[in-house]
Amino acid sequence: MKQNFMKQALNNALKAEISGEVPVGAVIVNGKSGEIIASSGNRVEELKDPTAHAEILVIREAAEKLGQVRLEECDLYVTLEPCPMCAAAISHARIRRLYFGAYDPKSGGVEHGARVFSHKTCHHRPEVYGGIMETDCSNLLKDFFKKLRK
């Protein structure tokens with residue numbers, strides 16, 4: 001089941017890449033029913049919004065659809081370890097579980113860098129599972145940045 005949701009997140013990342021975005025995709029799932037509630041890829045360039053990361057967009061969409069700011073029964077699947085901004089949003093939204101694909105030693109905010117969930121001031125810590133379909137997620141990003149450097 002986890003891989004199906006990560007495949008959907010990867011599909012969103014591919015769509016983002018086609019649109020000229022950094023290929024990161026995310027989905028929010030009802031953790032009990034397995035229903036996908038929100039789905040998106042990065043839209044930073046399209047929206048001219050530095051906060052339009054895939055995670056932020058799906059959190060906004062899920063909150064609007066569910067009519068609540070606390071997403072306590074929701075699980076987030078994202079192709080890349082969330083940055084500190086997204087990790088803070090995940091905490092504030094009270095996401096139940098976070099599943100991510102590729103690790104981000106340079107800009108991550110969960111297992112690397114700021115490690116938002118490990119701070120005493122963090123109000124909510126989701127269960128975290130990294131490395132889901134890591135090779136596929138990592139290769140997508142590596143290939144994207146190789147093409148940019150050519």
Side-chain angles (χ1 to χ4, degrees), residues 4-30 35-72 74-119 121-126 128-150:
N4 289 339
F5 296 131
M6 190 58 77
K7 284 179 184 175
Q8 179 62 46
L10 265 167
N11 191 35
N12 292 338
L14 288 166
K15 288 178 188 174
E17 180 180 29
I18 290 166
S19 298
E21 302 283 351
V22 174
V24 176
V27 296
I28 287 187
V29 176
N30 179 307
E35 171 195 3
I36 293 178
I37 298 168
S39 183
S40 187
N42 275 356
R43 295 178 62 200
V44 171
E45 300 299 329
E46 174 191 344
L47 298 175
K48 306 294 184 250
D49 178 356
T51 69
H53 291 196
E55 301 96 308
I56 300 292
L57 296 174
V58 294
I59 288 170
R60 288 176 183 162
E61 182 181 343
E64 185 175 331
K65 279 185 179 176
L66 297 174
Q68 58 194 41
V69 297
R70 303 282 187 261
L71 305 176
E72 296 169 323
C74 294
D75 298 339
L76 172 62
Y77 292 78
V78 61
T79 57
L80 180 64
E81 175 184 349
C83 72
M85 173 186 70
C86 292
I90 290 164
S91 176
H92 286 288
R94 307 295 196 267
I95 296 289
R96 182 178 82 144
R97 292 186 183 123
L98 166 64
Y99 299 91
F100 67 86
Y103 290 87
D104 190 351
K106 184 176 178 183
S107 301
V110 176
E111 301 286 333
H112 298 89
R115 298 181 187 209
V116 171
F117 304 138
S118 66
H119 290 268
T121 56
C122 183
H123 297 289
H124 170 77
R125 293 166 185 84
V128 177
Y129 304 91
I132 311 294
M133 296 181 64
E134 180 179 4
T135 301
D136 294 332
C137 294
S138 181
N139 286 341
L140 180 62
L141 287 157
K142 286 177 185 174
D143 292 346
F144 173 79
F145 286 110
K146 272 185 199 172
K147 289 176 198 169
L148 276 184
R149 292 183 192 107
K150 285 184 179 182

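No experiment lies behind these values; they were computed from the predicted model shown.
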Enquirer: Do Leu141 and Val22 come within less than 4.5 Å of each other through their side chains, counting heavy atoms only?
Expert: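 With C-beta onward as the side chain, the pair touches.
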Enquirer: Check the pair Leu66, Cys74 against side-chain contact (heavy atoms from CB on, under 4.5 Å), reporting the backbone distance first and the verdict last.
Expert: CA-CA 11 Å; Leu66 297 174; Cys74 294; 3.9 Å; yes
Enquirer: Hey, what do you get for CG (Asn139) to CE (Met133), rounding to the nearest 0.5 Å?
Expert: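 Nearest 0.5 Å value for the CG-CE distance: 11.0 Å.
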Enquirer: Is there side-chain contact between Met85 and Thr51, with at least one heavy-atom pair below 4.5 Å?
Expert: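 Counting from C-beta outward, Met85 and Thr51 do come under 4.5 Å.
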Enquirer: Are any non-hydrogen side-chain atoms of Lys147 and Glu17 less than 4.5 angstrom apart?
Expert: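 Touching, per the 4.5 Å side-chain cut-off.
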Enquirer: What's the shortest heavy-atom distance between Val27 and Ala9, and which atoms?
Expert: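 Heavy atoms only, the tightest pair is CG1-N, 4.2 Å.
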Enquirer: Enumerate the residue pairs fulfilling ring pair (Phe, Tyr, Trp, His ring centres under 6.0 Å) with a member in residues 78-104, sequence neighbours excluded, ordered by first and then second residue.
Expert: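 Passing the test, one end in residues 78-104: Tyr77-Tyr99, Tyr99-Tyr129, Phe100-Tyr103.
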Enquirer: Check whether any side-chain heavy atom of Cys137 sits under 4.5 Å from a side-chain heavy atom of Leu80, and report yes or no.
Expert: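 A side-chain contact under 4.5 Å is absent here.
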Enquirer: Would you call Asn12 and Ser40 a side-chain contact if the rule is heavy atoms closer than 4.5 Å?
Expert: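 SC-SC contact between Asn12 and Ser40 ruled out.
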Enquirer: Side chain of Ser19, backbone of Lys15: donor and acceptor closer than 3.5 Å?
Expert: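 Yes, because the side chain of Ser19 sits within donor-acceptor range (under 3.5 Å) of the backbone of Lys15.
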Enquirer: Within a strict 4.5 Å, meaning less than it, do heavy atoms of the Pro23 and Asn42 side chains meet?
Expert: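 In short, these two side chains do not touch, never coming nearer than 4.5 Å.
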Enquirer: Would you find more than 12 non-hydrogen atoms of other residues, nucleotides or ligands less than 6.0 Å from Glu46 atom CD?
Expert: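 Correct, the count exceeds 12.
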Enquirer: Measure from the side-chain N and O atoms of Glu45 to the backbone N and O of Gly20, and report whether any donor-acceptor pair falls under 3.5 Å.
Expert: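 Flag not set: sc Glu45 to bb Gly20 has no pair under 3.5 Å.
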Enquirer: Where do Arg96 and Glu72 come nearest, in terms of heavy atoms and distance?
Expert: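 Arg96 and Glu72 have their closest heavy atoms at CB-O, 3.2 Å.
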Enquirer: Report yes or no: does Thr79 contribute a side-chain atom to a donor-acceptor pair with the main-chain N or O of Gly25 at less than 3.5 Å?
Expert: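 Yes, the answer is positive, given that a donor and an acceptor are paired below the 3.5 Å cut-off.
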Enquirer: Would you indicate whether the side-chain heavy atoms of Val44 and Glu21 approach each other to under 4.5 Å?
Expert: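 In contact.
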Enquirer: Got a donor-acceptor contact below 3.5 angstrom from the Glu111 side chain to the Gly130 backbone?
Expert: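 No; zero donor-acceptor contacts below 3.5 Å.
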Enquirer: Please name the pair of heavy atoms, one in Ala102 and one in Glu134, separated by the smallest distance, quoted to 0.1 Å.
Expert: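 Taking every non-hydrogen atom into account, CA-CG, 4.2 Å.
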Enquirer: How close do Ala93 and Ile59 get, heavy atom to heavy atom, and via which atoms?
Expert: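 Heavy-atom minimum between the residues: CB-CG2, 4.0 Å.
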Enquirer: Does any part of the side chain of Val116, heavy atoms only, come nearer than 4.5 Å to the side chain of Pro82, both counted from C-beta?
Expert: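 Result no, sub-4.5 Å side-chain heavy-atom pair not found.
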Enquirer: How long is the gap from CG on Leu71 to CD1 on Ile95, to the nearest 0.5 Å?
Expert: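 That separation rounds to 4.5 Å.
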Enquirer: State, to 0.1 Å, how close Ala52 and Leu57 come at their nearest heavy-atom pair, and which atoms those are.
Expert: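 Closest pair (atom of Ala52, atom of Leu57, distance): O-CD1, 3.6 Å.
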Enquirer: Where do Gln8 and Ile36 come nearest, in terms of heavy atoms and distance?
Expert: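 Where Gln8 meets Ile36 most closely, the heavy atoms are CG-CD1, 4.0 Å.
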Enquirer: Just how far is it from atom CZ of Arg94 to atom CZ of Arg70, taken to the nearest 0.5 Å?
Expert: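 So the gap between those two atoms works out to 4.0 Å.
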Enquirer: Taking atom NZ of Lys142 as the centre, does the number of heavy atoms from other residues, nucleotides or ligands within less than 6.0 Å exceed 12?
Expert: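 Counting other residues, nucleotides and ligands, NZ of Lys142 stays at 12 neighbours or fewer.
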Enquirer: Just do the side-chain contact (heavy atoms from CB on, under 4.5 Å) check on Phe117 and Leu98 with the steps written out, would you?
Expert: CA-CA 11 Å; Phe117 304 138; Leu98 166 64; 4.0 Å; yes
Enquirer: Say whether, by atom type as modelled, one donor and one acceptor occur between the side chain of Glu81 and the main chain of Val110 under 3.5 angstrom.
Expert: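 At least one qualifying donor-acceptor pair exists.
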